[in-house]
Amino acid sequence: MRKRLAIIVFAALPLAACEQPKSVEYYMTHLPEARETLARCQSLGKAGENCGNAGVAITRAARAQFERDRARTQENIESGAIWPTWNGK
């Protein structure tokens, strides 16, 4: 009986150690965790689904930030707020 229990425990151990891969959408809403995951993957030389999804989420977030900054700059150019004025007027 003990042998069976030991076999079952050791057989189930790898299944318990595996974590489910997280989606890109999950990492998009949890960017600090995505950065931590990607840093861990790079330092350990791992390349799994979590590593790829974290990298994609970070890239998408950076692209979205770039687009927001570009739109704000374009608005400032069109309104004239970006150009300096003489004598503060």
Side-chain angles (χ1 to χ4, degrees):
M1 184 66 176
R2 286 186 184 189
K3 257 187 174 177
R4 277 191 190 165
L5 182 61
I7 290 172
I8 291 172
V9 168
F10 284 118
L13 196 60
L15 296 176
C18 295
E19 71 177 55
Q20 293 294 322
K22 296 175 180 158
S23 67
V24 174
E25 290 76 23
Y26 173 83
Y27 282 124
M28 287 290 292
T29 57
H30 301 91
L31 281 174
E33 184 178 346
R35 288 185 186 100
E36 180 183 318
T37 300
L38 190 60
R40 189 176 336 111
C41 290
Q42 289 174 343
S43 68
L44 298 176
K46 294 170 70 177
E49 192 172 351
N50 274 337
C51 299
N53 289 346
V56 169
I58 291 170
T59 302
R60 285 185 187 173
R63 179 67 181 178
Q65 181 64 44
F66 173 79
E67 291 297 331
R68 285 191 298 270
D69 290 345
R70 187 171 68 135
R72 188 180 65 228
T73 301
Q74 186 63 34
E75 288 173 7
N76 287 339
I77 289 171
E78 290 170 358
S79 70
I82 201 166
W83 307 114
T85 59
W86 298 103
N87 298 327
K89 297 180 185 179

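Hydrogens, waters and symmetry mates play no part in the numbers below; they use all other heavy atoms, side chains included.
In summary, R72 and E75 do not engage in a salt bridge, as defined by a charged side-chain N under 4.0 Å from a carboxylate O.
Side-chain contact check for N50 versus Y27: some heavy-atom pair is nearer than 4.5 Å.
Cluster partners of L44 are absent, since no Ile, Leu, Val, Met, Phe, Trp or Tyr has side-chain heavy atoms less than 4.5 Å from it.
Listed by first then second residue, pairs satisfying ring pair (Phe, Tyr, Trp, His ring centres under 6.0 Å) with a partner in residues 30-78 read Y26-H30, not counting sequence neighbours.
Annotation for R60 and V24: closest pair NH1-CG1, 3.5 Å, computed over non-hydrogen atoms.
Atom CE in M28 sits 8.5 Å away from atom CD in E25 (nearest 0.5 Å).
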Side-chain donor-acceptor pairs under 3.5 Å in residues 34-42, sequence neighbours left out?
unit_1: E36; atom_1: OE2; unit_2: R40; atom_2: NH2; d: 3.2
unit_1: T37; atom_1: OG1; unit_2: E33; atom_2: O; d: 2.8

